[in-house]
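Below is one structure, written out as structure tokens, with a few remarks after it.
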There are 2 protein chains.
Amino acid sequence: MQRHETDPEALLEIFQRTLIQAGIKVTHQRLEIFKELCKTTGHPDAETVYKNIAPKLPTISLDTVYRTLQLFAKLGLIDIFGTQYSRMRFDTNTKPHHHFICTNCGTIYDFYSEELSNLNIPDAVRKIGEIQKIQLEIKGICHQCANEAESTKT
Amino acid sequence: MQRHETDPEALLEIFQRTLIQAGIKVTHQRLEIFKELCKTTGHPDAETVYKNIAPKLPTISLDTVYRTLQLFAKLGLIDIFGTQYSRMRFDTNTKPHHHFICTNCGTIYDFYSEELSNLNIPDAVRKIGEIQKIQLEIKGICHQCANEAESTKT
DNA sequence: CTACATGCAAAGGGTTTGCACGACA
DNA sequence: TGTCGTGCAAACCCTTTGCATGTAG
């Protein structure tokens, strides 16, 4: 079962418990970084987090923010977008299509579906902004990687 | 109207015409890079393209590949994923949700939809690999950016 | 022939790492 | 008090840029 909490206090408690269970110290920096993340919407980048907590922690450094965020991700407290396979990728496929992204090798597979290309978009989205492109993004492990893992087992 | 060609020759013709119309020279390098992209699936990164054409163009350099790919993207011949907002982004939202990504400021907005969280995934996808996570990714311009652009016009 | 494209090498920006000091349990 | 976490600075990787030479039209 997944955690679906939104209550700040509940989140903080989960945070503390998770760290303690993992034998990791609950430092001032880690606490502030986590609180900052809970507060923010818009999926901030490391520098934004850094700037926002700087008033409270004047001596913190950007690399601590990075290290802490990676730690949180390992503990399953947060999600990270972007780095693991953040190299630019290129393709000539200009037909409407969707993506299957292998989280192991980074390969992006295209697939097509008329149904998925004609989805009902909730009104909430129009309140956010003007839509240019809609794509389904499916993450998983491609069979090729799965097979390689299998054959390496031996 | 969008281009939906798959025939290699048709693609090459469009390629040549597009470059000529834009007053851009059809060099050996550009041609090979484009052909390589047409041939490949899996949205290669710059280095992969570079390695694949190296046998044909032993003196080509990686930066030419980058420059050429950016040029193609500007001309609308290809799509690029990843660089513009490739900084890592973090969030604590572990509820099932979808993303609206502003292509101007890079902000990621979350939205929710029960309907969209229970989509029919085509069988073709299962042939690619094991699914871990399904998210809709909507790209566009958020109202905040649109408003700022408006007020700057003056 | 001339302007544009390329190759080289070095710079740039975001992220990661090694090391010694500092702080939590 | 011992061990883990932090800050500093330098390294690292991918991508971009400046400049002189090469080449398509």
Side-chain angles (χ1 to χ4, degrees), chain A residues 15-34 36 43-51 53-75 77-90 106 108, chain B residues 12 15-34 36 43-51 53-75 77-90 105-106 108:
Chain A
F15 168 74
Q16 304 231 11
R17 204 170 42 216
T18 305
L19 262 63
I20 290 166
Q21 273 183 7
I24 287 167
K25 287 174 186 164
V26 180
T27 63
H28 195 186
Q29 289 91 330
R30 286 176 178 154
L31 198 59
E32 287 302 331
I33 291 173
F34 186 76
E36 174 59 29
H43 307 65
D45 55 28
E47 208 180 325
T48 304
V49 174
Y50 174 65
K51 282 183 187 159
I53 59 174
K56 285 188 190 171
L57 298 167
T59 70
I60 200 170
S61 59
L62 186 56
D63 55 80
T64 297
V65 174
Y66 275 110
R67 265 190 286 230
T68 304
L69 291 168
Q70 309 261 32
L71 174 72
F72 290 174
K74 256 183 229 149
L75 296 172
L77 290 166
I78 64 168
D79 273 350
I80 299 185
F81 303 91
T83 198
Q84 294 181 75
Y85 294 105
S86 62
R87 289 153 84 148
M88 294 166 80
R89 291 179 167 270
F90 310 89
I108 303 176
Chain B
L12 268 183
F15 168 73
Q16 303 231 10
R17 203 169 46 217
T18 305
L19 262 64
I20 290 165
Q21 273 182 7
I24 287 167
K25 288 172 186 165
V26 180
T27 64
H28 195 187
Q29 289 91 331
R30 286 176 180 156
L31 197 60
E32 287 302 332
I33 290 172
F34 186 76
E36 174 60 28
H43 308 64
D45 55 28
E47 207 179 326
T48 304
V49 175
Y50 173 66
K51 282 183 186 159
I53 58 175
K56 285 189 189 170
L57 298 166
T59 70
I60 200 170
S61 60
L62 187 55
D63 55 82
T64 298
V65 174
Y66 275 111
R67 265 190 286 229
T68 304
L69 290 167
Q70 308 262 30
L71 174 71
F72 290 175
K74 255 182 228 149
L75 296 171
L77 290 165
I78 64 169
D79 273 350
I80 299 186
F81 303 91
T83 198
Q84 295 180 75
Y85 293 105
S86 63
R87 289 151 85 148
M88 292 167 80
R89 290 179 167 272
F90 311 89
C105 66
I108 303 176

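Source: prediction; values computed, not measured. Below, each value reflects all heavy atoms present in this structure, side chains not excepted, and no hydrogens, waters or symmetry copies. Proteins get letters first, then strands, A, B, ... in listed order; numbering begins at 1 in each.
- Going from atom CD1 of B:Ile20 over to atom P of D:dA24 covers 14 Å, rounded to whole Å.
- Atom CD1 of A:Ile33 is separated from atom P of D:dG5 by 13 Å (rounded to the nearest Å).
- Rounding to whole angstrom units, CZ of residue A:Phe90 and P of D:dC14 are separated by 13 Å.
- One atom, CG of A:Leu62, and another, P of D:dA9, lie 14 Å apart when rounded to the nearest Å.
- One interatomic measurement links the two molecules: CZ of A:Phe34 to P of D:dG5, which rounds to 17 Å at whole-angstrom precision.
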Could you list the donor-acceptor pairs under 3.5 angstrom formed by side chains in residues 19-29 of chain A, with sequence neighbours left out?
from	atom 1	to	atom 2	distance (Å)
A:Thr27	OG1	A:Arg30	N	3.2

B:Gln70 vs B:Ile80, side-chain contact (heavy atoms from CB on, under 4.5 Å): CA-CA, chis, key distance, verdict: CA-CA 8 Å; B:Gln70 308 262 30; B:Ile80 299 186; 3.9 Å; yes

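- A:Glu47 has a carboxylate O that lies under 4.0 Å from a charged side-chain N of B:Arg87, or vice versa, which qualifies the two as a salt bridge.
- Put simply, CG on A:Leu19 is 14 Å from P on D:dC4, counting in whole angstrom units.
- With rounding to the nearest 0.5 angstrom, the CG atom of A:Leu31 is 9.0 Å from the NZ atom of A:Lys56.
- Sequence order on DNA chain D of the closest nucleotides to B:Val26 and B:Ala46 puts B:Ala46 first from the 5' end.
- Rounded to an integer number of Å, the gap from CE of B:Met88 to P of D:dC14 is 15 Å.
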Derivation and outcome, side-chain contact (heavy atoms from CB on, under 4.5 Å), residues A:Ile33 and A:Ile60: CA-CA 10 Å; A:Ile33 291 173; A:Ile60 200 170; 4.2 Å; yes

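- In this structure, CD of A:Gln70 is placed 16 Å from P of C:dG14, rounded to the nearest angstrom.
- Below 30°, between 30° and 60°, or above 60°: for A:Phe34 and A:Phe15 the angle between ring planes is below 30°, a parallel geometry.
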If you restrict it to nitrogen or oxygen atoms, what contacts under 3.5 Å exist between nucleotides 1-7 of chain C and the protein, and what is each distance?
from	atom 1	to	atom 2	distance (Å)
C:dC4	O4'	B:Lys25	NZ	3.4
C:dA5	OP1	B:Arg30	NH1	3.2
C:dA5	O5'	B:Arg30	NH2	3.4
C:dT6	OP1	B:Thr27	OG1	2.8
C:dT6	OP2	B:Arg30	NH2	3.4
C:dT6	O3'	B:Gln29	NE2	3.0
C:dG7	OP1	B:Gln29	NE2	3.4
C:dG7	OP1	B:Thr59	O	3.2
C:dG7	OP1	B:Thr59	OG1	3.3
C:dG7	OP1	B:Ile60	N	3.4
C:dG7	OP2	B:Ser61	N	3.4
C:dG7	OP2	B:Thr64	OG1	2.8
C:dG7	O5'	B:Thr59	O	3.3
C:dG7	N7	B:Arg67	NH2	3.1
C:dG7	O6	B:Arg67	NH2	3.1

